[in-house]
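Just below is one structure, and these are the notes that go with it.
Note that these values count all heavy atoms, side chains included, but never hydrogens, waters or copies made by symmetry. Sequence lines set the chain letters: A, B, ... in the order given, protein chains first and strands last, and positions in each chain run from 1.
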2 protein chains.
Amino acid sequence: MRDELKLESIRSNLIRQEETIIFSMIERAQFRQNLLIYKPGGISIPGYSGNFMSFLLFETEHIHARVRRYTAPDEHPFSKDLPSPYLTPMKYDWPIKKTDININDRVLSLYINEFVPLICKQGDDGNYGSSAVCDVNILQALSKRIHYGKFVAESKFIKDEETYKTLIRSNNREKILELLTDMKIEDQVLNRVEIKASAYGQDPLSKLPHFKINPSVIKDIYLRWIIPLTKEVEVLYLMERISAN
Amino acid sequence: MRDELKLESIRSNLIRQEETIIFSMIERAQFRQNLLIYKPGGISIPGYSGNFMSFLLFETEHIHARVRRYTAPDEHPFSKDLPSPYLTPMKYDWPIKKTDININDRVLSLYINEFVPLICKQGDDGNYGSSAVCDVNILQALSKRIHYGKFVAESKFIKDEETYKTLIRSNNREKILELLTDMKIEDQVLNRVEIKASAYGQDPLSKLPHFKINPSVIKDIYLRWIIPLTKEVEVLYLMERISAN
């Protein structure tokens, strides 16, 4: 089996991504919710009718597309119709099957409607640009984590091809989800995330524990959304796995 | 005195910026030095002769300029000739005097030549885009921190106008630097940065202390560059302070 498909290697990659997600959320938490940046037309941008944060997200992805970000197997944009890279695409030997699976529309909407109110204090402090820059960092980290489900699914699939093929052919999504689920590992993830959020989200010099984000909030975001969405990507991927080239 | 010029408020702002700097350096440390991204033409981009990372930096600043980042008194771009904002500039009531002081050319060159070799392991892992995205985040954080010297200087100036005016008029930079220096506070900064780098840069679940970046490296970067450059901005600002409008 290729190294990047070994479950151990995938897990250490996902563990490393936890830092990125937690750090970026702590960064965002220093600002208020600033809901104006998520309101279409809330901050008016000539020729653009969406919200301010999405404008920054799409513009950022535009540049990143130019420097080849979305040719990598573990990167998925939020934008449609991105320009082609200035650079010759890297000759990736794709470890997973190529599919069009991309659930970032839902990630974006969940982020704005559910995560921001959990991460940030209510109110408006006028730090629109800084808040939106943090949002873009978090969204890119979430997208990577959740779509990493493709790697997880491929790894599990090739270890038990026959069972998965039978279930895929009979369209038994429920049973596939069951087979993909490892409760022990999920508990480990949740505990680890909470411990990390406590370690990173706390002023190491303060005597009283004062958290920039309550660690249980980050754990909860993993429990309610990040883990389930990753598994959803796993199921979607497997359903396309046989026909995909 | 305006709130944002109270030394206490400036210090708490600088303390908060430490997290951003440390988190972003830890993020960068996951990748190798990837020196190709700093080499002019190392990765060829049509119509651009500079290095890959600077390309990403300038393109990112281009977007941020459009959304008004560089109209804020605490933001300074690395790029020249940025476009004007799409948005009406915010009506900032500038707490400091407007000057053209911007030492980001030196920050950029120091970052590439000194910081990257200290932060990252030698070698090339092909993660060019990811490394450059981290670089941009670090550079923006460094620029903000170092140019915050303008706020520090203004705060100290208005508390002892006569002394500073005399020194400025006699062009006594050495004495100004001495007056601006508070060794006790600098020691506190260095200790705090080292403690934070230990807390954030360590896997909280690992039994053996294993640092993503050696905390003494981050302390050293503060000692050798970040603090001296901040003070240099303070002196530059004061030299322009009297004539500036």
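Of the atoms belonging to A/N137, it is side-chain heavy atoms, and not backbone ones, that fall under 4.5 Å from chain B. Using a 4.5 Å cut-off between heavy atoms, A/I26 touches chain B through its side chain atoms alone. The parts of A/E59 that come within reach of chain B are both its backbone and its side chain, each placing non-hydrogen atoms under 4.5 angstrom from that chain. Using a 4.5 Å cut-off between heavy atoms, A/R192 contacts chain B through both its backbone and its side chain. Heavy atoms closer than 4.5 Å to chain B are found nowhere in A/Y48, neither backbone nor side chain.
Here CD of B/Q140 is found 9.5 Å from OG of A/S130. Values are rounded to the nearest 0.5 Å. Rounding to the nearest 0.5 Å places CD of B/Q30 at 9.0 Å from CG of A/N13. For the atom pair NE2 (B/H62) and CD1 (A/I63), the distance works out to 8.5 Å, reported to the nearest 0.5 Å.
Under 4.0 Å is where a charged nitrogen must lie from a carboxylate oxygen, and between A/K212 and B/E19 at least one such pair does.
The aromatic rings of A/F23 and B/F23 sit parallel to each other, their planes meeting at less than 30°, with 60° as the upper class boundary.
When each of A/I45, A/I15, A/T20 is checked for heavy-atom pairs under 4.5 Å with chain B, A/T20 comes out on top. Per-residue heavy-atom pair counts under 4.5 Å with chain B were compared for A/R69, A/R16, A/H64, and the maximum is reached by A/R16. The candidate with the highest count of non-hydrogen atom pairs below 4.5 Å against chain B, out of A/G129, A/A199, A/P46, is A/P46.
Shortest non-hydrogen contact noted between B/Y128 and A/R68 is CD1-NH2, 3.9 Å.
Taking a 6.0 Å sphere around CG of A/D81, one finds it holds 12 or fewer heavy atoms contributed by other residues, nucleotides or ligands. Counting non-hydrogen atoms of neighbouring residues, nucleotides and ligands closer than 6.0 angstrom, the CG atom of A/N113 exceeds 12 such neighbours.
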